[in-house]
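Every heavy atom of this structure was used, including side-chain atoms; hydrogens, water molecules and symmetry mates were not. Whatever order the structure lists them in is the order used to number ligands and atoms, beginning at 1.
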Amino acid sequence: MPTNIPDTMNALLLLHDGYSQTQEGPAIDTLEPYLEYREIEVPKPGDGQVLIKVTLGNINPSDLHFIKGEYGQPRRAGVPAGFEGVGVVVDAGKGGEALIGKRVAFYVVANGSGAWANYALSDVTSCIPLRQDLRDEDGATIFVNPLTAIAMFDEVKKSKAGSFIMTAAASQLCKLIAGLAKEEGIKPISIVRRDEQIDYLKSLGSAYVLNSTSPDFAKQAAKIIRDEKPRIMLDAVADQTSEILFQAMPNRARWMVYGKLATEAPQLNQIGQLIFMDKTIEGFWLVKWIRNTPAKQQIEAIAKIQALFAGGQWKTDISAIVPLSSAFDDLPSALSGINAGKVMIRP
Ligand SMILES: NC(=O)c1ccc[n+]([C@@H]2O[C@H](COP(=O)([O-])OP(=O)(O)OC[C@H]3O[C@@H](n4cnc5c(N)ncnc54)[C@H](OP(=O)(O)O)[C@@H]3O)[C@@H](O)[C@H]2O)c1
């Protein structure tokens, strides 16, 4: 190990192994049941791995599902949390030497060590050297949301419809998708649950923005869907509102569930539509997309993502950057309230 790397570091560590049986969703009041903040040894990179001195660790809803044991992969007690971040590679195992000294965006896979720490361990293949003109705040978010935005929007393009529906439309992810839709001239039909978000989404190019809590929501949505005939609904909420929208969609409509922000599952009231109208309900998970997508296509997507951020067409909104040393106490309040951007941890 290079001499300037300390033996120990501070980290927010997972308290539990495996999965929980809860379905609480990503809301967090306290970290106490899930994490502890303490000093541990700095991990050592094995073959195909790199050690990264973390500059910023990102916090996505998937991290919050994960620490609660509600995500698609098991927890490992005693290992730092945090799936993605940005930092500088300071040490490497066999195969990662060329990355030493480089600023990278990284994603932490199952055998790694998470981003909510002074140092993280990532696979060489889950690190992207960053362009110099990219902000750390954008670099810290490169994997999860931008790749998902590109991958799901490709499906929208393939649908050949002039519009699509997106729920939880004020999310950071949907703001990226809105940018792609504007570029292609495809109209987003955006669903939110607060009036305050409507004007902003319209300014990003959303043709229609509907508040799902308004009394005439179902009627308004049905009319827009009849006029615009969207074939894809990108859905991060997966509640009864989504089911109402899906029912109103035309033949061959695809309900693509990629998040489960709602804590209660919807009831399917028109199951015959799957048979007679060729409609489908499916899931999207970036992890599977990465596994199944040719490397060349992924490299092209990453290059496009960096260009969009560097060119200013995309920007990561930040609502708070919390120091690692106070994150255990301060994160819950930083994550609460109206969503205005990403919360990140600075070691
Ligand atoms: N499947 C995948 O591979 C994949 C990859 C990336 C992201 N995702 C998912 O994408 C979603 C968005 O991620 P993000 O990082 O962009 O999130 P984000 O910026 O934190 O935004 C979350 C948004 O969801 C809204 N929301 C939360 N709970 C809701 C509920 N019960 N009903 C309606 N709206 C709700 C919030 O609205 P308010 O402002 O009203 O609170 C906010 O606008 C998450 O579900 C995440 O897990 C999935």
Side-chain angles (χ1 to χ4, degrees), residues 23-28 57-68 70-73 82-84 107 137-138 140-155 165-180 188 190-198 200-201 204 206 209-214 217 233-245 255-266 282-293 298 301 305 314-320 331 334-344:
Q23 286 291 320
E24 287 176 7
I28 290 275
N58 191 17
I59 303 176
N60 286 306
S62 52
D63 291 295
L64 304 173
H65 285 293
F66 178 66
I67 65 172
K68 290 178 156 189
E70 299 178 358
Y71 195 60
Q73 59 200 68
F83 283 129
E84 72 172 346
Y107 186 80
E137 290 83 347
D138 295 322
T141 67
I142 274 204
F143 275 95
V144 178
N145 280 346
L147 269 180
T148 302
I150 290 206
M152 293 199 306
F153 192 68
D154 273 350
E155 296 301 314
I165 299 175
M166 54 185 190
T167 65
S171 72
Q172 291 306 305
L173 173 52
C174 286
K175 287 177 196 168
L176 303 180
I177 295 175
L180 297 174
S190 295
I191 314 297
V192 294
R193 57 177 179 176
R194 301 180 204 276
D195 281 342
E196 305 91 283
Q197 291 162 337
I198 291 177
Y200 180 59
L201 286 177
L204 291 184
S206 263
V209 189
L210 297 180
N211 183 338
S212 60
T213 66
S214 77
F217 168 76
M233 172 165 62
L234 303 178
D235 185 20
V237 182
D239 63 359
Q240 209 56 44
T241 298
S242 313
E243 199 269 348
I244 289 169
L245 293 164
W255 177 358
M256 199 179 284
V257 179
Y258 67 96
K260 52 183 183 75
L261 293 167
T263 49
E264 287 191 21
E282 61 198 280
F284 174 89
W285 192 23
L286 181 65
V287 172
K288 274 199 303 192
W289 182 87
I290 289 175
R291 216 180 280 147
N292 299 334
T293 302
Q298 294 190 38
I305 288 166
W314 273 2
K315 181 168 178 277
T316 304
D317 298 326
I318 302 290
S319 73
L331 272 189
L335 289 163
S336 67
I338 293 184
N339 183 276
K342 284 286 160 211
V343 177
M344 296 191 179

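- With rounding to the nearest 0.5 Å, the separation of NZ in Lys68 from CG in Asp63 is 12.5 Å.
- Close approach to Tyr258 involves these atoms of ligand 1, each under 4.0 Å from a residue heavy atom: 1 (N), 2 (C), 4 (C), 8 (N), 9 (C), 10 (O), 11 (C), 48 (C).
- Those atoms of ligand 1 with a heavy atom of Trp285 less than 4.0 angstrom away are 1 (N), 3 (O).
- Note on Lys342 versus Asp317: no salt bridge recorded, every NZ/NE/NH1/NH2 to OD/OE distance being 4.0 Å or above.
- Near Ala168, the atoms of ligand 1 lying under 4.0 angstrom from a non-hydrogen atom of the residue are 24 (O), 25 (C).
- Tested against Ile191, the residues Cys174, Ser206, Ser212 include a single side chain to side chain contact (heavy atoms under 4.5 Å, CB included) partner, Ser212.
- Near Gln172, meaning under 4.0 Å from one of its heavy atoms, ligand 1 places the atoms 16 (O), 19 (O).
- In the vicinity of Ala170, heavy-atom distances shorter than 4.0 Å reach the ligand 1 atoms 43 (O).
- Counting the atoms of ligand 1 from 1 in the order shown, those under 4.0 Å from a heavy atom of Leu286 are 2 (C), 3 (O).
- Listed for the Glu137 side chain is no donor-acceptor partner under 3.5 Å among the backbone atoms of Thr316.
- Between the side chain of Glu282 and the main chain of Met256, no donor-acceptor pair closer than 3.5 Å is present.
- Thr293 places no side-chain N or O within 3.5 Å of a backbone atom of Ile290 that could act as its donor or acceptor partner.
- Taking CD1 from Ile305 and CG from Asp138, the interatomic distance works out to 11.5 Å, rounded to the nearest 0.5 Å.
- Nearest to atom 7 (C) of ligand 1 by heavy-atom distance, out of Ile290, Ile191, Asn145, Thr148, is Asn145.
- Of the listed options Pro61, Gly72, Ser336, Pro61 places a heavy atom closest to atom 46 (C) of ligand 1.
- Taking distance alone, with nitrogen or oxygen atoms compared against 3.5 Å, Val144 stays at or beyond that limit from ligand 1.
- In this structure, Lys175 falls outside the shell of residues with a heavy atom less than 4.0 angstrom from ligand 1.
- Using cut-offs of 30° and 60° for the angle between ring planes, the His65 and Tyr71 rings count as parallel.
- No donor-acceptor pair closer than 3.5 Å links the side chain of Asn60 to the backbone N or O of Ser62.
- For ligand 1, the polar-atom distance check finds no N/O of Asp239 at less than 3.5 Å from any of the ligand's N/O atoms.
- Interface atoms of ligand 1 facing Gly259, defined by a heavy-atom separation under 4.0 Å, are 45 (O).
- No donor-acceptor distance shorter than 3.5 angstrom exists from the side chain of Gln23 to the backbone of Glu264, with no hydrogens or angles considered.
- Here's the thing with His65: none of its N/O atoms is less than 3.5 angstrom from an N/O atom of ligand 1.
- Contacts between Arg193 and ligand 1 below 4.0 angstrom, taking non-hydrogen atoms only, involve the side chain exclusively.
- The part of Asn60 lying near ligand 1 is the side chain, judged by heavy-atom distances below 4.0 Å.
- Here Val237 has side-chain heavy atoms under 4.0 Å from ligand 1, and that is the only part of it that gets that close.
- Judged purely by distance below 3.5 Å, without hydrogens or angles, the side chains of Asn145 and Thr148 never pair a donor atom with an acceptor atom.
- Where the criterion is an N or O separation shorter than 3.5 Å, residue side chain and backbone included, Arg194 meets it with respect to ligand 1.
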